[in-house]
> 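My questions will all concern the structure given below.
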Number of protein chains: 2
Amino acid sequence: MNKRQNAARKSEKQKKSLSTADWEEAALDVIAHQGISQVAVEPLAKLLGVTKGSFYWHFSNRLDLLKAALKRWRESDRSIIERDILSIEDPLKRLKAWFNLSAQPLRSHLIYSTLLADRQHPVVAKTLKEITVERLAHLQQAYRDLGYEPEQARQQALLAYSVYVGYLHMAKTLHGRLQDSEAIEKYAQYVAEQLMPKQTSQKPA
Amino acid sequence: MNKRQNAARKSEKQKKSLSTADWEEAALDVIAHQGISQVAVEPLAKLLGVTKGSFYWHFSNRLDLLKAALKRWRESDRSIIERDILSIEDPLKRLKAWFNLSAQPLRSHLIYSTLLADRQHPVVAKTLKEITVERLAHLQQAYRDLGYEPEQARQQALLAYSVYVGYLHMAKTLHGRLQDSEAIEKYAQYVAEQLMPKQTSQKPA
DNA sequence: AAATTTCCATACGGTGGCGTATTGACTGGC
DNA sequence: GCCAGTCAATACGCCACCGTATGGAAATTT
């Protein structure tokens, strides 16, 4: 038998030794629910059932872990967007897909929402700025493709994205979590109607 | 002469001894620029040119200060809103005043924006929830007064407030501060146009 | 001018987290 | 079966901050 420890360390499955990715994922889980400040190596180690002796084998320090975790999140998020949004050719459908995705209760949103709170942290600030600029560009392009003039497309993209960010906050503030009920569905529908060009004119005044 | 210390303690004016309000204001300044976590009693004392011996004379502990500071902020903010917004009878002008105030670079916004980031903290969460509910009610009322049906007024208020919150975040994320330039003016103008009822109909579909 | 109140300094112990150093145990390759 | 590599436990020193205890000085009261 080549399984490593014949005694299960704490709960289920024979735990093999941890990989760098395991630490990153654990960090992301903590970020999603508690924020950057709670990503502390000793508590995290306890969470994973080891001590920090292990941590400092995988990472040189705490910052190193944060960078790696954020990079991992960013890549996964980007691949989702590329697969589910940017691949859509019809700009109206693409925009709808944006709104639809935004209303979905994904861990990625949870992480983004928490990162917004931790924007003081230099590493977080850098990541946020990058991802925000990127998404704004995509949104602007969508509105451009719908016939908006560049400047108006920019404003509209900013507006739409503000609604997204604002919603994330409101949900957490008012309910302590991201909603999953029908209420959000109705609201998302309403928002989409407000933020998408009316049928009556392609190029609004 | 009844001035207290004939030698200026550190910079200007003969510093009399500190009041509770002084500590609260200092805390709010730190909150505005660095967030709750940086409101630490020893650093704050250093900032005020005293030691924490003073602090624990005025407050029983750190939490006590936070509560007091937030209460102070909330009251000042509320009085601004009552004076500059709620007093306006014409609902359209009132709404315009909301958007106008939102675009102003006030310390109150700065604080609110930072508090959004610190919503993990129980005391902050409570404060935020209260103030959000309050403001949403005011906004909803404004839209009601404009002829919106209750449900739509609620949605619209939520949307408008999300834009406000989202904008605060975007500004900080993209520029590291609240903008004061003409750009924000134009954007505010654009947003107002989008979020206020069109001239063509009082009661939008 | 003495007493009391108000405000502050200093010193102390406690906690939680970071990062280092060292040792140990299990693994696969030879 | 030995060795090198991989992952983890333990112990240590450090720092920042919290809260307490105690004493002292200036201001105010009497």
Side-chain angles (χ1 to χ4, degrees), chain A residues 1-11 13-27 30-31 34-69 118 120-124, chain B residues 1-11 13-27 30-31 34-69 118 120-124:
Chain A
M1 304 200 251
N2 58 0
K3 70 178 174 179
R4 187 157 163 181
Q5 289 158 2
N6 40 12
R9 189 184 299 275
K10 49 175 356 194
S11 47
K13 5 184 147 177
Q14 76 278 16
K15 287 212 172 179
K16 313 181 48 175
S17 41
L18 298 173
S19 71
T20 300
D22 291 327
W23 285 93
E24 291 170 6
E25 279 300 321
V30 172
I31 289 175
Q34 279 125 286
I36 289 273
S37 69
Q38 297 304 308
V39 181
V41 359
E42 276 152 324
L44 203 59
K46 185 175 294 183
L47 208 76
L48 288 171
V50 296
T51 66
K52 63 179 175 177
S54 167
F55 177 86
Y56 284 99
W57 189 89
H58 292 288
F59 303 92
S60 63
N61 53 34
R62 181 176 177 270
L63 196 63
D64 197 23
L65 167 66
L66 290 182
K67 287 180 182 169
D118 290 321
Q120 299 238 19
H121 193 108
V123 177
V124 174
Chain B
M1 305 199 250
N2 57 0
K3 70 177 178 182
R4 188 158 162 177
Q5 290 158 3
N6 42 11
R9 190 185 298 278
K10 47 177 357 195
S11 45
K13 6 185 148 179
Q14 76 278 15
K15 286 214 173 179
K16 313 181 47 176
S17 40
L18 299 174
S19 70
T20 300
D22 291 328
W23 284 94
E24 291 170 7
E25 279 300 321
V30 172
I31 289 175
Q34 277 126 289
I36 289 273
S37 69
Q38 297 305 306
V39 182
V41 0
E42 276 152 326
L44 203 60
K46 184 176 296 182
L47 209 76
L48 287 171
V50 296
T51 65
K52 64 179 174 177
S54 168
F55 176 86
Y56 284 99
W57 190 89
H58 291 288
F59 303 91
S60 63
N61 53 35
R62 181 175 176 270
L63 196 63
D64 196 23
L65 167 67
L66 290 182
K67 287 179 183 169
D118 290 322
Q120 299 239 16
H121 193 107
V123 177
V124 175

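So that the names make sense, note that chain A is the first sequence line, chain B the second, and so on, each numbered from 1.
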> For the side chain of B/Lys52, starting at C-beta, report the closest nucleotide among C/dA11, C/dC7, D/dT6.
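Taking heavy atoms from C-beta onward, the closest nucleotide is C/dA11.
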
> Expressed as a whole number of angstroms, how long is the span from B/Leu44:CG to D/dG19:P?
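Value for this atom pair: 13 Å.
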
> Send over the distance from B/Asp22 CG to C/dT6 C1', rounded to a whole Å.
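From B/Asp22 CG to C/dT6 C1': 14 Å.
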
> Looking at D/dT6, I'd like to know if its phosphate oxygens (OP1 or OP2) sit under 4.0 Å from a side-chain N or O belonging to A/His58.
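Indeed not, no polar side-chain atom of A/His58 lies that close.
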
> A/Lys46 has an atom NZ; how far is it from atom C1' of D/dA9, in whole Å?
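These atoms are roughly 14 Å apart.
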
> Output the rounded distance in Å from CG (B/Asp64) to C1' (D/dC18).
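To the nearest whole Å, that distance equals 14 Å.
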
> For A/Phe55 and C/dA21, what is the distance between atoms CZ and C1' respectively, to the nearest whole Å?
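These atoms are roughly 17 Å apart.
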
> Expressed as a whole number of angstroms, how long is the span from A/Glu42:CD to C/dT20:P?
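It works out to 13 Å between those atoms.
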
> How long is the gap from CD on B/Glu24 to CD1 on B/Ile31, to the nearest 0.5 Å?
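Between atom CD of B/Glu24 and atom CD1 of B/Ile31 there are 10.5 Å.
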
> With a 4.5 Å cut-off on side-chain heavy atoms, are B/Gln120 and B/Val124 touching?
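With C-beta onward as the side chain, the pair stays apart.
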
> Between B/Arg62 and A/Trp23, which has a closest nucleotide on DNA chain D that is more 5'?
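Looking at the nearest nucleotide for each, A/Trp23 comes out on the 5' side.
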
> May I ask you to decide if B/Ser60's main-chain N or O and B/Asp64's side chain share a donor-acceptor pair within less than 3.5 Å?
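Flag set: sc B/Asp64 to bb B/Ser60 pair under 3.5 Å.
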
> How long is the line joining CG of A/Leu47 and C1' of C/dG17, in whole Å?
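Going from CG in A/Leu47 over to C1' in C/dG17 covers 16 Å.
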
> Can you check the A/Tyr56 OH to D/dC12 P distance for me, whole Å?
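Atom OH in A/Tyr56 sits about 18 Å away from atom P in D/dC12.
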
> Please report the shortest heavy-atom distance between B/Trp23 and B/Ala45, naming the atom on each side.
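Between these two residues, the closest heavy atoms are CH2-CA, 3.7 Å.
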
> As a test of reading the structure: which of D/dC17, D/dA8, C/dC18 is closest to the side chain of B/Ala40, going by heavy atoms?
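Output: D/dC17.
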
